Amino acid sequence: MSVSSSSMGGGGDAGVRTVVWFRRDLRVEDNPALAAAARTDGEVVPEYVWAPEEDGPYYPGRVSRWWLSQSLKHLDTSLRRLGDSKLVTRRSADAVDALIKLVRNNGATQLFFNHLYDPISLVRDHRLKEMMAAEGIIVRSFNADLLYEPWEVVDDEGQSFTMFAPFWNRCLSMPYDPAAPLLPPKRISSGDLSMCPSDDLIFEDDSERGSNALLARAWSPGWQNADKALTAFLNGPLIHYSVNRKKADSASTSLLSPYLHFGELSARKVFHLVRMKQLVWSNEGNRAAEESCTLFLRSIGLREYSRYLSFNHPCSHEKPLLAHLRFFPWVINECYFKIWRQGRTGYPLVDAGMRELWATGWLHDRIRVVVSSFFVKVLQLPWQWGMKYFWDTLLDADLESDALGWQYISGSLPDGRELDRIDNPQLEGYKFDPHGEYVRRWLPELARLPTEWIHHPWDAPASVLQAAGVELGSNYPLPIVGLDAANARLQEALSEMWQLEAASRAAMDNGMEEGLGDSSEVPPIEFPRELQMEVDREPARVTANVLTTARRREDQMVPTMTSSLHRAETEISADLGNSVDSRAEVPSHVHFEPRTEREEIVHTNAGNAARTNGIHEHNNFQLPQHRMRNVLAPSVSEASSGWTGREGGVVPVWSPPAASGHSETFASDEADISSRSYLDRHPQSHRLMNWSQLSQSLTTGWEVENSVQPNLIG
DNA sequence: CGGATGTTGGT
DNA sequence: CCAACATCC
């Protein structure tokens, strides 16, 4: 793997200066780019560029920015300990530009970094390599994030997998093991950094500071803390993971995901250590423990798969991979959306989850499925909205993982759940929270309700409600939508979806060449505009006898942040007043100006996006005015738009949507499976999307890491 | 008891 | 979609 590159380029270059560009690999252990730079025996300049504007609508949320800031401090400390070094930080609107300036100013001749797989990074990193090559800088890049690079994992025909199970089976039976984790470099020397002043990076504003202070009591970012968390999990909850993982209270989960997102923890290290445990337990004949490892490793596999999907389908964070889902008439209802975010749907398990998410930035995996499934199937809001809210609020917000999760939930993956099976929050409540403890923790207004009714208060006798201090419709809402009504509307919507899909296919067959296609019929899903939470204006009327301490904005308050947020026993009294103000507002930062200087955009039919076929008035759905806005960059939001290459296509091109009526068909493709026909029709983008070909098609100054890992022009 | 039929879980 | 499991005659 990339590790073996030590034999190929670096050794013995005393005197060279190498910039190591840190991104989501904020660790010194098992960091191939850093290790390779350290092995040159020259000077190493560790660099971090804060350029969130590049992320457009996916500007990191408050909690995510907080984590990042802590992690960078930790990394800086580690680098200083490793010798005469430190983390050089830059604030820029354009990371490539900042890096070029840095390299020029300090006489560096090499730039090393580790791969990322989100669409923005794929394009940016490619541009970076081009520009660095033009400067005569040697660029090398490495795999630090995955067990195997996406292009390594293919089926017997050499095609990409489109379903998780076979993908993961292949990963587990590859002819070579994932690279073994690397130790931290013994020493890093940076020489004179006077030419590399650091910018002060600002990650929070005044309104966020108070809420962030609470986070610090529950979490400890940083790669060494990641390591501790991993050890604690391996020696603790892992062995019972197979039985405990279903409990909504997350004492049994690993709590590693934020570390993994920022690369403070190496997925390969996790993989190796869990496998060791599995071997031990397997030899002891402990079947349940062995199963626990298998299940936990599968969640590592899902993370792996999310990168794989993102690499092969760069629009998977906003467009359904199954073509017909593009025709689903989502309910465009910002009121529903708001009620869901506030945890006021009237379904206790859903509401408890949403309030935990808001208060803590954390949610057990099961509850994520519950709230997102409710969002998509009962409320029938577009999953992209929910994903954006997760992005803004989750401590471990991760574009690739969340895209996979939401697509799975909304039935837009070949192996996902069907859209038409509504999960019953009442039944799930008794499954994941059988004694109602989770609901009581997060919904104090229901705290005195007996377990028998805790997950369906609307059925409870009046006397029970009265004794519990619950007034439905007053201090706790009635269900926002009945499941029967939701089901009826869902069936109608699905049949409409199929009709639209068939009509689109017919139109295609009638001689329209591909290109117009459904992009003219189905506008991209947009985020609603500037929603205000308005929670202050409608505080729940909590009667004095309810087990809540009187607080401002009671219905959004949480009595305490307890175990689900942190392992530390400190009970944090959650006066989350600040968090109300600073709570990420989902639709913020939706402006994403296409950078035309970076890539030429083929932009067809954008104007047609104004068609509002997402609006439906059925059943109990009241729909407010819907403002359509074309807020996403055409390069990533328009089905028909592309990332077209400048010179012979070195920028990814997203194909026009297919006219296929096959439910198994990925949206971007014709007949059988997406990536294949997609790449066949866009060989130039294959060159970008498949790094191995890229390295062959472009030459000058780039070395090949080794034969197994076709390098990323590196 | 056994096969048809339904339900659940899984990514 | 599909396998495992339950339930029903």
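Because the structure is predicted, anything quoted here is derived from the model rather than measured. Here is the naming used below: chain letters follow the sequence lines, and residue numbers restart at 1 for every chain.
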> Atom CG of A/Asp420 and atom P of B/dT7: how far apart are they, to the nearest Å?
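In whole Å, B/dT7 P lies 13 Å from A/Asp420 CG.
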> How about A/Asp484: does its CG atom have over 12 heavy atoms from other parts shown lying under 6.0 Å from it?
no
> Distance check needed: B/dT11 P versus A/Trp406 CH2, whole Å only.
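Rounding to the nearest Å, CH2 of A/Trp406 and P of B/dT11 are 19 Å apart.
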> Expressed in angstrom and rounded to an integer, what is the separation of A/Asp423 atom CG from B/dT8 atom P?
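Distance check: A/Asp423 CG to B/dT8 P gives 10 Å.
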> Does A/Lys431 put a side-chain nitrogen or oxygen below 4.0 Å from OP1 or OP2 of B/dG9?
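Answer yes for this pair, as a side-chain N or O of A/Lys431 is under 4.0 Å from OP1 or OP2.
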> Given atom CG of A/Leu404 and atom P of B/dT11, what is their separation to the nearest angstrom?
11 Å
> Atom CD1 of A/Ile422 and atom C1' of B/dT7: how far apart are they, to the nearest Å?
16 Å
> What's the CZ-P distance between A/Arg421 and B/dG10, to the nearest Å?
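After rounding, the reported distance stands at 11 Å.
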> One pair to check against side chain to side chain contact (heavy atoms under 4.5 Å, CB included): A/Met354 and A/Leu357. What are the steps and the verdict?
CA-CA 5 Å; A/Met354 293 311 293; A/Leu357 172 58; 4.1 Å; yes
> I need the CG-P distance between A/Asn169 and C/dA3, as an integer number of Å.
14 Å
> Any side-chain N or O of A/Arg366 below 4.0 angstrom from OP1/OP2 of B/dT11?
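It does not, given that no N or O in the side chain of A/Arg366 lies less than 4.0 Å from OP1 or OP2 of B/dT11.
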> Does the ring of A/Phe164 lie flat against the base of B/dT11, closer than 5.5 Å centre to centre with planes under 30°?
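Aromatic stack with B/dT11 absent for A/Phe164.
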> Mind running side-chain hydrogen bond (donor to acceptor under 3.5 Å, both in side chains) on A/Glu264 and A/Trp67 for me, showing each step along the way?
CA-CA 11 Å; A/Glu264 295 159 277; A/Trp67 188 287; 2.5 Å; yes
> Would you say the ring centroid of A/Trp498 lies under 6.0 angstrom from that of A/Phe327?
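When the ring centroids of A/Trp498 and A/Phe327 are compared, they turn out to be at least 6.0 Å apart.
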> Scan A/Arg368 against the nucleic acid and name what it touches under 4.0 Å (heavy atoms): base, sugar-phosphate only, or nothing.
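Nothing: the residue A/Arg368, judged by heavy atoms under 4.0 Å, touches no strand.
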> Compare side-chain N and O positions of A/Arg417 against OP1 and OP2 of B/dG9 and report whether any pair is under 4.0 Å apart.
no
> Expressed as a whole number of angstroms, how long is the span from A/Asp415:CG to B/dG9:C1'?
14 Å
